[in-house]
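Being a predicted model, the structure only gives us computed values, none of them experimental. The figures here come from the full heavy-atom set of this structure, side chains too, leaving out hydrogens, waters and symmetry mates.
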Amino acid sequence: TDTVEDNIVLYAYWDSTYVSIHFNTLTDETINMVIGSKGAPLDLNQFIPTQTGYAFLGWYDEITETLFESDVFTDKDVWSYAKWAMIDYNISYHLDGGENDLLNPTQYTIEDDTIILKDASKEGYDFLGWYDAFDNLLDTIDVSDAKDITLYANFEEISHSVRYFDGGSLVLEEDIMHDEVITDIL
């Protein structure tokens with residue numbers, strides 16, 4: 001044994017067997033930190049945040065800015081943040097033989113403004129509107145819906161009223177469809 005002949009200062013040092021992982025979703029969603037033993041199994045798939053209009057790309061180390069992919073608790077505490085990618089949603093148009101307006105977009109994101117749909121056109125037909133698969137009439141697309149959309153053009157064939165006169169008197173009146181050929185005149 002050693003003999004102490006003067007005042008000495010001793011410092012306690014210990015190495016924790018537990019470490020923590022902190023998650024910053026960069027959204028309003030909160031994921032509580034996780035504490036585990038060094039080297040213990042870790043399943044990061046339990047900690048997947050969601051954000052409308054964005055795809056989660058993974059947890060990134062706040063200091064090194066690299067993807068944090070460990071399947072075990074590391075030997076030190078980790079502060080991680082979620083990385084996100086904006087999703088492009090598709091708009092499909094079924095035109096029933098017509099033509100779409102060039103200003104109607106084929107994609108949108110959650111950050112776009114509300115989309116005001118332009119009319120489609122079809123020779124000999126009036127455009128009645130855009131409908132979804134549930135027969136709802138749509139004239140705008142609310143981008144906060146954040147989903148792929150299929151739209152159907154609805155047309156009505158144009159008819160014309162034809163009047164037949166004989167000596168100034170109306171003899172017959174009939175409706176014919178646009179581009180219909182009249183073959184039998186009184």
Side-chain angles (χ1 to χ4, degrees), residues 10-121 127-154:
L10 300 174
Y11 295 96
Y13 174 79
W14 64 90
D15 185 16
S16 173
T17 58
Y18 295 99
V19 291
S20 61
I21 300 174
H22 303 262
F23 301 100
N24 182 351
T25 64
L26 303 176
T27 69
D28 293 338
E29 184 178 358
T30 301
I31 295 180
N32 294 326
M33 76 170 176
V34 178
I35 298 174
S37 299
K38 293 177 185 178
L42 171 65
D43 181 8
L44 288 175
N45 291 323
Q46 297 179 70
F47 311 103
I48 308 256
T50 59
Q51 181 176 203
T52 302
Y54 293 85
F56 176 68
L57 299 180
W59 293 109
Y60 280 71
D61 185 285
E62 193 170 63
I63 297 169
T64 64
E65 297 183 4
T66 57
L67 183 62
F68 179 68
E69 298 182 282
S70 182
D71 59 353
V72 296
F73 281 88
T74 61
D75 61 351
K76 61 181 180 164
D77 292 340
V78 174
W79 281 262
S80 61
Y81 65 92
K83 192 165 189 179
W84 301 98
M86 198 176 328
I87 298 171
D88 290 323
Y89 295 100
N90 295 311
I91 307 171
S92 300
Y93 299 92
H94 291 266
L95 297 164
D96 188 27
E99 293 184 25
N100 200 358
D101 190 295
L102 295 175
L103 296 178
N104 281 335
T106 57
Q107 289 188 323
Y108 72 95
T109 69
I110 192 78
E111 293 187 7
D112 288 337
D113 292 329
T114 296
I115 297 167
I116 299 172
L117 294 165
K118 308 295 183 203
D119 292 353
S121 60
F127 179 70
L128 300 179
W130 291 108
Y131 289 81
D132 65 13
F134 305 102
D135 282 336
N136 297 309
L137 177 64
L138 301 174
D139 55 3
T140 62
I141 295 174
D142 181 357
V143 299
S144 68
D145 289 344
K147 62 182 178 183
D148 291 340
I149 298 173
T150 300
L151 298 174
Y152 300 87
N154 193 351

Taking Asn24 for its side chain and Ser80 for its backbone only, find out whether a donor-acceptor pair lies under 3.5 Å. no

Result block: side-chain N/O donor-acceptor pairs under 3.5 angstrom for residues 132-139, not counting sequence neighbours:
residue	atom	partner	partner atom	Å
Asp132	OD1	Phe134	N	2.9
Asp132	OD1	Asp135	N	3.2
Asp132	OD1	Asn136	N	2.9
Asp132	OD1	Asn136	ND2	3.4
Asp132	OD2	Asn136	ND2	3.0

Kindly confirm or rule out a cation-pi arrangement of Lys38 over Phe73, judged by NZ or CZ under 6.0 Å from the six-membered ring centre and within 45° of its axis? no

CD1/Ile116: more than 12 non-hydrogen atoms of other groups inside 6.0 Å: no

Quick check: does any side chain N or O of Asn154 sit under 3.5 Å from a backbone N or O of Leu128, one acting as donor and the other as acceptor? no

Strictly distance-based, threshold 3.5 Å: is any side-chain N or O of Tyr54 a donor or acceptor partner for the main-chain N or O of Ile110? no

Taking all atoms of both residues into account, what is the closest heavy-atom pair of Tyr60 and Glu65, and its distance? CD2-O, 3.7 Å

Going by the salt bridge (Lys or Arg N to Asp or Glu O under 4.0 Å) test, which pairs reach into residues 97-117, not counting sequence neighbours? none

Nearest heavy-atom pair of Phe56 and Ala82: which atoms, and what distance? CE1-CB, 3.6 Å

Using a 3.5 Å distance criterion without hydrogens, assess whether the side chain of Asp96 forms a donor-acceptor pair with backbone atoms of Ala153. no

Tell me whether Glu29 contacts the main-chain N or O of Thr50 through its side chain, where contact means a donor paired with an acceptor under 3.5 Å. yes

Check: Trp59 ring centre within less than 6.0 Å of Phe23 ring centre: yes

If I take atom CG from residue Leu102 and atom NZ from residue Lys118, how far apart are they, to the nearest 0.5 angstrom? 12.0 Å

So does Thr106 get a backbone contact from the side chain of Tyr93, meaning a donor-acceptor N/O pair under 3.5 Å? no

Side-chain donor or acceptor of Trp84 paired with backbone N/O of Thr25 under 3.5 Å: yes

In Å, rounded to the nearest 0.5 Å, how long is the span from CG of Asp71 to CG of Asp43? 9.5 Å

